[in-house]
Amino acid sequence: MQKVVIGLSGGVDSSVAAFLLKEQGYDVTALFMVNWHERVGAITSACTWEEDALIAKMVAKKLDIPFQIVDLSKDYKKRVVDYMFKEYKAGRTPNPDVLCNREIKFDIFLDEALKLNADFVATGHYCQKGEAVVNGKTIHKLLAGKDKNKDQSYFLCQLNQEQLSKALFPIGHLEKPEVRKIAREQNLPTAERKDSQGICFVGKVDLPTFLQQQLERKPGNVIEVPAKFMEKKKQVPISEENFKKLCFSYPFKPWNGKVIGEHEGAHFYTIGQRKGLNIGGYKEPLFVLGTDVSRNIIYVGEGKQHPGLYRRGLFISSNDAHWIREDQMLKTNENRRFDVRIRYRQPLEKASLYQRDEGIYILFDQEQRGITSGQFAAWYDGEELIGSGVIA
RNA sequence: UGACCCGUGGUGUAAUUGGCAACACAACUGAUUUUGGUUCAGUAGAGUCCAGGUUCGAGCCCUGGCGGGUCAA
């Protein structure tokens, strides 16, 4: 009998996943991971890990499977939280959940599972696996979840073949309502529990408070860039020699607009953000067009159609490009069409990837709103996630 | 100094040439979301610069201040 360790979180998804694994005849063990103890910045109504652990334990009992707890908080802090602070400090917008999967769930948690002699680790992610044989070698595919609304393949975009080979996603072929239904039918204590939100293990926090633990408040200017200032920039033809102009954030300068307010520190803001600017009196809302942490300035524009919010492409440096399908990796000077997503739950967009020595340029057919450095771009071939990388 | 204009919630504007103040943005709360993105819904917030006056009743009319602006020299 094959042994599976399921990461039981205290939510419905992993509970149902555990149930299904058992149904399928696996030898299932539940492992609850503690990744964060602190309560700094935590929303007081949000529950603590102790509550989650208790409920997870109840689920395990109900399913009659062994239950254990591992404390991975040291690694989580080092590999996810520190990364988060570092990125924010550098003026980027990190995606801790992608890192959490690559560094924690499918790395050290996987190791813990292997120590328990597991053949696989399972999670409650909404995504699926497939297989292909290339040159006599089995290759694992990462596929979108059946529930298009919940698809979480994006969060796993940084996994490699090794990690994928050990992964199971028991609920990937189901839709959320079906998962809830199964939980109810089985009388699982998590059946009606609210879905988790916020940074995966830290939980729902007040981010400004959370970030201010390490990042200081640092007042600076908010500069409004008029829409018409963007006109010239929008005339750049889409061609190879303009890749650099098209694929990097607009290099706004203080004299491109006028000062209209003050902010708390450029590193607290992200492109596309609307809330938290504290500047009113406009006909349409203001959105962040760009941030400059070295000058400590944020640039904003009025209206959701502001041209400064849209860009044609993005760049991923060679070091940051990751191919789940190594066999499909582009060679230098090759290019290929893919469907690309630049943020979780964003629709896939048609684009062309151009591999050059320095990295990959991704040019979209349509201009994209809010391309933000630090987020991950993930490219798909239909349902299959082929590769990903950090947006420069 | 003379003439003219303006002074309304945090901000920008609106209010049949008199009947107790509307809209947008911001803020807050909630929904959605395993990223504070976005989006969506809801809540609160001024009694209209000050002092008098006319009127049954004034943000809207009159007088005088104060404050800001424009044009004049």
Side-chain angles (χ1 to χ4, degrees), chain A residues 7 9-14 33 35-36 41-43 45-46 52 76 80-81 83-85 87-88 92-102 104-105 123-127 145 147-158 176 193-212 215 222 224 260-265 267-291 298 300-306 309-310 341-347 368-378 390-391:
Chain A
S9 68
V12 237
D13 298 333
S14 59
M33 44 191 143
N35 289 313
W36 197 247
I43 305 293
S45 62
D52 287 327
Y76 187 78
V80 179
V81 177
Y83 148 84
M84 221 177 118
F85 282 120
E87 288 288 288
Y88 271 111
R92 288 186 290 266
T93 306
N95 192 320
D97 293 347
V98 170
L99 265 282
C100 176
N101 284 307
R102 186 183 78 190
I104 306 296
K105 291 182 197 155
T123 63
H125 282 108
Y126 285 88
C127 63
D147 188 332
K148 287 290 161 294
N149 187 42
K150 294 293 294 185
D151 172 34
Q152 291 171 323
S153 55
Y154 176 82
F155 286 124
L156 303 176
C157 68
Q158 287 277 298
K176 184 84 191 191
R193 272 198 110 196
K194 194 175 170 332
D195 287 2
S196 68
Q197 284 178 8
I199 306 163
C200 80
F201 282 106
V202 176
K204 200 166 166 87
V205 292
D206 180 55
L207 204 68
T209 314
F210 187 73
L211 289 179
Q212 278 179 31
L215 305 177
V222 176
E224 183 192 359
I260 58 161
E262 201 176 66
H263 65 252
E264 303 266 275
H267 44 249
F268 293 124
Y269 299 84
T270 186
I271 290 177
Q273 179 173 341
R274 168 180 176 174
K275 293 288 173 184
L277 250 25
N278 243 303
I279 300 172
Y282 284 77
K283 197 156 196 167
E284 290 190 78
L286 296 174
F287 292 93
V288 175
L289 305 179
T291 64
I298 76 176
V300 300
E302 183 180 5
K304 62 183 303 180
Q305 298 301 327
H306 190 106
L309 229 35
Y310 293 82
R341 170 173 289 144
I342 54 170
R343 256 182 153 130
Y344 176 57
R345 276 175 65 85
Q346 202 103 63
Q368 297 299 304
R369 184 165 192 275
I371 294 177
T372 306
S373 70
Q375 290 288 298
F376 288 84
V390 188
I391 299 171

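Here B/U1 sits opposite B/A72 as a Watson-Crick or G-U wobble pair (both hydrogen-bonding atom distances under 3.5 Å). Across all strands shown, B/G42 pairs with B/C28; the Watson-Crick or G-U wobble distances both stay below 3.5 Å. The partner of B/A15 is absent, by the rule that a Watson-Crick or G-U pair needs both atom distances under 3.5 Å. In a base pair of the Watson-Crick type (N1 to N3 plus N6-O4 or O6-N4) or a G-U wobble (N1-O2 and O6-N3), with each distance short of 3.5 Å, B/U55 is matched with no nucleotide. The partner of B/G36, taking Watson-Crick or G-U wobble pairs whose two distances both stay under 3.5 Å, does not exist in any strand shown. Nucleotide B/U48 forms a pair with no other nucleotide shown, judged by Watson-Crick or G-U wobble geometry with both contacts under 3.5 Å.
For B/U34, the OP1/OP2 oxygens have a side-chain nitrogen or oxygen of A/Lys150 closer than 4.0 Å.
Here A/His125 pairs with A/Asn101, A/Thr123 under the side-chain hydrogen bond (donor to acceptor under 3.5 Å, both in side chains) rule; sequence neighbours left out.
Between A/Lys150 and A/Asp13 there is no salt bridge, since no side-chain nitrogen of the basic residue lies less than 4.0 Å from a carboxylate oxygen of the acidic one.
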Show each protein N/O and nucleotides 37-43 of chain B N/O combination with a separation under 3.5 Å, one pair to a line.
unit_1 : atom_1 : unit_2   : atom_2 : d
B/G37  : O2'    : A/Gly272 : O      : 2.9
B/G37  : O2'    : A/Gln273 : N      : 3.4
B/G37  : N2     : A/Gln346 : NE2    : 3.2
B/U38  : OP1    : A/Arg274 : N      : 2.5
B/U38  : OP1    : A/Lys275 : N      : 3.1
B/U39  : OP1    : A/Arg274 : NH1    : 3.3
B/U39  : OP2    : A/Arg274 : NH1    : 3.2

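Separating the CD atom of A/Glu284 from the P atom of B/C23 is a distance of 18 Å, rounded to the nearest angstrom. Residue A/Phe268 contributes atom CZ, which lies 20 Å from atom P of B/U35 at whole-angstrom precision. One can place CD of A/Gln375 at 14 Å from P of B/U34, the figure rounded to the nearest angstrom. Rounded to whole Å, the distance from CZ on A/Arg341 to P on B/U35 is 14 Å. In this entry the distance linking CZ of A/Arg102 with P of B/U35 reads 19 Å, nearest Å.
A centroid separation of 6.0 Å or more is found between the aromatic rings of A/Phe155 and A/Phe376.
Each of A/Lys194 and A/Pro94 has a nearest nucleotide on RNA chain B; the 5'-most of these lies closest to A/Lys194.
By the 30° and 60° cut-offs, the orientation of the rings of A/Phe210 relative to A/Phe85 is parallel.
Glycosidic torsion of B/G47 falls within 90° of 0, placing the base in syn.
Put simply, the side chain of A/Glu284 never gets that close to the backbone of A/Glu302: no donor and acceptor are under 3.5 Å apart. Remark: side-chain polar atoms of A/Ser153 are not paired, donor with acceptor, to backbone N or O of A/Asp151 under 3.5 angstrom. No donor-acceptor pair under 3.5 Å is formed between the side chain of A/Arg343 and the backbone N or O of A/Gln375.
Spacing of P atoms, B/A27 relative to B/U38, comes out at 10 Å, to the nearest Å. Taking atom P in both B/G2 and B/G10, one finds a spacing of 34 Å when rounded to whole Å.
Contact annotation for A/Asn278: backbone-only contact, meaning every heavy-atom pair under 4.0 Å involves sugar-phosphate atoms and none involves a base. Contacts of A/Leu286 with the nucleic acid, taken as non-hydrogen atoms under 4.0 Å apart, are absent.
Side-chain contact between A/Asn149 and A/Tyr126 is absent, with no heavy atoms from C-beta onward closer than 4.5 Å.
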